Amino acid sequence: MDSAGNRADRERREHLLAALETVKLSLSDVRFVTQRILSKYGLAPAHVDALADLIVAAERDECASHGVYRLAGLVRTIKSGKLNLAAEPSVQIDETSIIRVDAQLGFSPLAFKMGQIALAQKAKTHGLAAMAINRCFHFTALWPEVEALAEDGLVSLSLTPSHSWVAPAGGTAPLLGTNPFAFGWPRPNKEPYVFDFATSVVAGGEVELHRQRNHPIPVGWAIDPEGKPTQSAASAMIGTLLTFGGHKGSALSTMIELMAGPLIGDLMSTESLTYDNGVGAAPCHGELVLALSPDVFLGHKKREYFESAERLFSLILAQGARLPSQRRFQARLRSVSDGVTITRIQHDILTDLLEA
Ligand code: NDP
Ligand code: PYC
């Protein structure tokens, strides 16, 4: 049996080891390093700023799979020769409620930013509007987009394919992307209700982080190249990821392929991977964002029905469940005051990128 003294000793040792494996950074350090690395490899300033906003936001909200870990892949994308480093996204607005943004083979965040105001205006005029972003290199989480639209009073959905790393339910070979899906609902005087998840069991980035740390992955995330369940993140990466919820996640993922691919005249995940041609750049395809105005849908009844929505949130919480993004908003408060922690592995990769 462990004595209290031994236990305290062991806990102190474990705490110390964990501290040695991590590095503490302020949010302004994260921004500085991100901007330095992206600028050093030649990305135009407007893109550097748009990417830095998202990478800092991901670290701030403790979403490691889309934070500084992405920088190595972004540098690979920049070096691939496929990315337009100084792309100036063009925004096309016509009499329909569809905003079309051609990212001109640049990264997606600037394209989203440039179409966002027109999307919001169209939604506030017609009740429902869509933004089709085409020809973008996409590496980001989607919650910053739906959160920004919720802050503007809009309900929204955002969908995008990726590279084909995921088997359809019942299959064993990669065909679908990790295809994330995000939803935002504005809440008066509160943080919005936001969820954002991959339609694979977890984001591909999460599997890669497990591989980097040499941690096993849970059963059910992936199968190896022979189609057998695997707990090795390295085998998963050369094998196939699985969809969440079996056939349900598989159908949602297929819907995302269709709506954010052929419907907007862009590539699906298999085509994005073919286009990549083994370079290992970020996926290149489109994104679809839908925005809905509760003011137009509900008019003077908005207050009443938004109170119904609040009752639903309260009843969820009353069962001891939590709302999606609750963890993220709590992490945000902590990070703003205390800074963030990255792994030493990540720190060393950033140092190499800065010094290369
Ligand atoms: P998770 O499986 O961790 O799911 C994330 C969502 O579920 C968050 O909204 C999270 O809120 C919420 N959540 C988690 N646990 C609970 C719980 N117990 N109760 C209620 N809500 C919960 O994330 P994924 O690995 O699927 O995706 C991570 C990110 O990867 C996403 O942001 C996604 O956009 C991104 N991604 C991007 C891709 C791209 O091509 N651009 C491809 C694939 C993924 P909270 O954050 O508060 O925990
Ligand atoms: O984590 O699967 C992922 C991913 C793909 C593109 C950006 N993130």
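For ligands, and for the atoms within them, numbers begin at 1 and follow the listed sequence. Note that the structure is predicted; figures quoted are calculated from it, not measured. Only this structure's heavy atoms are used, side chains among them; waters, hydrogens and symmetry mates stay out.
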Taking only heavy atoms of the protein into account, state which residues are under 4.0 angstrom from an atom of ligand 1, in chain and number order.
-> His66, His138, Thr140, Ala141, Leu142, Trp143, Pro161, Ser162, Thr178, Pro180, Phe195, Asp196, Phe197, Ala198, Val202, Ala203, Arg322, Pro324, Ser325, Gln326, Arg327, Arg328
Does Pro192 offer a backbone N or O that forms a donor-acceptor pair with the side chain of Glu147 under 3.5 Å?
-> no
Main-chain N/O of Leu149 paired with Asp152 side-chain donor or acceptor, under 3.5 Å | no
Ligand-side contact atoms (ligand 2) for residue partner [X], heavy atom cut-off under 4.0 Å:
X	answer
Gly205	1 (O), 2 (O), 3 (C)
Ala203	1 (O), 2 (O)
His66	1 (O), 4 (C), 7 (C), 8 (N)
Thr178	2 (O), 3 (C), 5 (C)

Taking only Lys NZ, Arg NE, NH1 and NH2, and the carboxylate oxygens of Asp or Glu, determine whether [X] and [Y] approach each other closer than 4.0 Å.
X	Y	value
Glu62	Arg334	yes
Arg303	Glu307	yes
Lys302	Asp295	yes

Considering all heavy atoms of both residues, which atom of Ala87 and which atom of Leu110 are nearest to each other, and what is their separation?
-> O-CD2, 4.2 Å
What heavy-atom pair brings Leu43 and Leu51 nearest, and what distance separates the two atoms?
-> CD2-CD2, 3.8 Å
Any N/O pair His138/ligand 2 closer than 3.5 Å = no
List for me each residue that meets ring-ring contact (aromatic ring centres under 6.0 Å, His included) alongside His163, sequence neighbours excluded, and say none if there are none.
-> Trp165
Taking only residues two or more places apart in sequence or in another chain, which ones pass ring-ring contact (aromatic ring centres under 6.0 Å, His included) with His138?
-> His285
Between Arg70 and ligand 2, which residue portion shows a heavy-atom distance shorter than 4.0 Å: side chain, backbone, both, or neither?
-> side chain
Record the part of His163 in heavy-atom contact with ligand 2 below 4.0 Å; permitted values are side chain, backbone, both and neither.
-> neither
Just jot down the salt bridge (charged side-chain N to carboxylate O under 4.0 Å, His left out) partners of Arg135, sequence neighbours excluded, or say none.
-> Asp102
Among all protein heavy atoms, pick out the one at the shortest distance from atom 5 (C) of ligand 2; state its residue, atom name and that distance to 0.1 Å.
-> Trp165 CZ3, 3.6 Å
How far is atom 3 (C) of ligand 2 from its nearest protein heavy atom, and which residue and atom is that?
-> Gly204 N, 3.4 Å
